[in-house]
Amino acid sequence: MSRRLFQLTTCFSFQRTLSQKPTMSERATFAAGCFWGVEHLYNKHFKQYGITTKVGYIGGNIDHPSYKQVCTGQTDHAEAVEIVFDPKRIDYGTLIEFFYKMHDPTTLNAQGPDKGTQYRSAIFYHSNEQKQVAEQMTARIQEKHYKGKKIVTDIVPSGPFYDAETYHQLYLENNPDGYECPSHFLRW
């Protein structure tokens, strides 16, 4: 039995190798207010580079929170978008620059009319390299675009990411007339 399983596994792996070119992918996780608008803008501007997105909750104090729980502000989760990307097609620094360009990183726990810790500005890094890039980009963008206003974005290690409910995924693509936070627009 184990020999047959080995043969099947080897055969499957070999066929998969022939039919698919391996791609190196990374994850980027950003919180910038209501996740519907954040996901929508990333897909609008970077889908052609092969990114995939999902929205969910990160940085809180309970496992598997619901939207209703997160909205109370008591779980300490942020609404966030997780982006899977190929760094050969789009680099992490470009995604961070866009993050700063599309929301107001100088407002604490708020984006436009949306207020609460779930709407905070945060970069959740997945490696030390991502942390360094995030810190360098933040300093550069602070100097170039936000003189006189302090960027309050948290740069923190990524933890468990809990997918939001299905109806939140690609919300504005599926509901073109749905609510979009008025603070999500390109600033430069």
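Residue numbers run from 1 in the order of the sequence given.
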Problem set entry | His77 side chain near Gln69 side chain, heavy-atom distance below 4.5 Å | no
For this session: Enter the distance from Tyr92:OH to Glu129:CD here, rounded to the nearest 0.5 Å.
Result: 10.0 Å
Exercise. Within the side chain of Gln118, is there an N or O that forms a donor-acceptor pair under 3.5 Å with the backbone of Asp76?
Worked result: no
Exercise. Got a donor-acceptor contact below 3.5 angstrom from the Lys68 side chain to the Pro65 backbone?
Worked result: no
For this session: Mind checking the NZ-OG spacing from Lys131 to Ser158? Nearest 0.5 Å is all I need.
Result: 14.0 Å
Problem set entry | Atom pair CG/CD of Leu170 and Glu39 - distance to nearest 0.5 Å | 4.5 Å
Exercise. Roughly how far, to the nearest 0.5 Å, is OH of Tyr42 from NZ of Lys47?
Worked result: 14.0 Å
For this session: Report yes if some heavy atom in the side chain of Thr53 is under 4.5 Å from a heavy atom in the side chain of Ile51; otherwise report no.
Result: yes
For this session: Quick one: list whatever passes side-chain contact (heavy atoms from CB on, under 4.5 Å) with Glu97, sequence neighbours left out.
Result: Met137, Ile141, Trp188
Problem set entry | Close side-chain approach of Arg187 and Asp104, heavy atoms under 4.5 Å | yes
For this session: Go through the side-chain N and O atoms of Asp86 and Tyr49 and say whether any donor and acceptor fall under 3.5 Å apart.
Result: no
Exercise. From Cys34 SG over to His184 NE2, what is the distance, rounded to the nearest 0.5 angstrom?
Worked result: 7.0 Å
For this session: Identify the two heavy atoms, one from Ile62 and one from Thr75, that lie closest to each other, and give their separation to 0.1 Å.
Result: CD1-CG2, 3.7 Å
Exercise. Do the non-hydrogen side-chain atoms of Ile155 and Glu135 ever get within less than 4.5 Å of each other?
Worked result: yes
Problem set entry | pair Leu95-Phe30: side-chain heavy atoms closer than 4.5 Å | yes
Exercise. Does the side chain of Asn175 come within less than 4.5 Å of Tyr167's, by heavy atoms?
Worked result: no
For this session: Indicate, with yes or no, if Ile151 and Val156 share a hydrophobic cluster defined by side-chain heavy-atom contacts under 4.5 Å among Ile, Leu, Val, Met, Phe, Trp and Tyr.
Result: no
For this session: Could you tell me whether a side-chain N or O of Thr138 sits under 3.5 Å from a main-chain N or O of Ala134, the two making a donor and an acceptor?
Result: yes
For this session: Kindly indicate whether the side chain of Glu26, heavy atoms from C-beta on, has any atom under 4.5 Å from the side chain of Val84.
Result: no
Seminar exercise, completed: Note: Phe99 and Ala32 closest approach over all heavy atoms is CE1-CB, 3.8 Å
Exercise. What are the two closest heavy atoms between Val81 and Val38, and how far apart are they?
Worked result: CG1-CG1, 3.4 Å
Problem set entry | Close side-chain approach of Ile123 and Ile96, heavy atoms under 4.5 Å | yes
Exercise. Counting only heavy atoms not in Asn174, do more than 12 fall under 6.0 Å of its CG?
Worked result: yes
Exercise. Under 4.5 Å between side-chain heavy atoms, hopping through other hydrophobics if needed: is there a path connecting Tyr125 to Met24?
Worked result: no
Problem set entry | Residues in side-chain contact (heavy atoms from CB on, under 4.5 Å) contact with Ala78, at least two apart in sequence or another chain | Ala31, Arg120, Phe124
Exercise. Do other residues, nucleotides or ligands put more than 12 heavy atoms under 6.0 Å from Lys44 NZ?
Worked result: no
Exercise. In terms of ring plane angle, is the pair Tyr100 and His103 parallel, tilted or perpendicular, where the classes change at 30° and 60°?
Worked result: parallel
Seminar exercise, completed: Shortest non-hydrogen pair, Glu79 vs Tyr119, comes out as OE2-CE2, 3.6 Å
Problem set entry | Rounded distance [0.5 Å steps], CH2 in Trp36 versus OH in Tyr179 | 9.0 Å
Exercise. Ring centroid separation for Phe161 and Tyr57, is it under 6.0 angstrom?
Worked result: no
Exercise. Can you list the steps and then say if Tyr171 with Val55 is a side-chain contact (heavy atoms from CB on, under 4.5 Å)?
Worked result: CA-CA 9 Å; Tyr171 181 82; Val55 297; over 6 Å; no
Exercise. How close do Pro160 and Ile58 get, heavy atom to heavy atom, and via which atoms?
Worked result: O-CG1, 3.5 Å
For this session: Would you name the heavy atoms of Leu41 and Phe185 that are closest together and state the gap between them?
Result: CD1-N, 4.3 Å
Exercise. Hey, which of Asn109, Asp114, Thr107 is the one that makes side-chain hydrogen bond (donor to acceptor under 3.5 Å, both in side chains) with Gln111?
Worked result: Thr107
Exercise. Cation-pi between Arg89 and Phe85: NZ/CZ under 6.0 Å from ring centre and within 45° of the ring axis?
Worked result: no
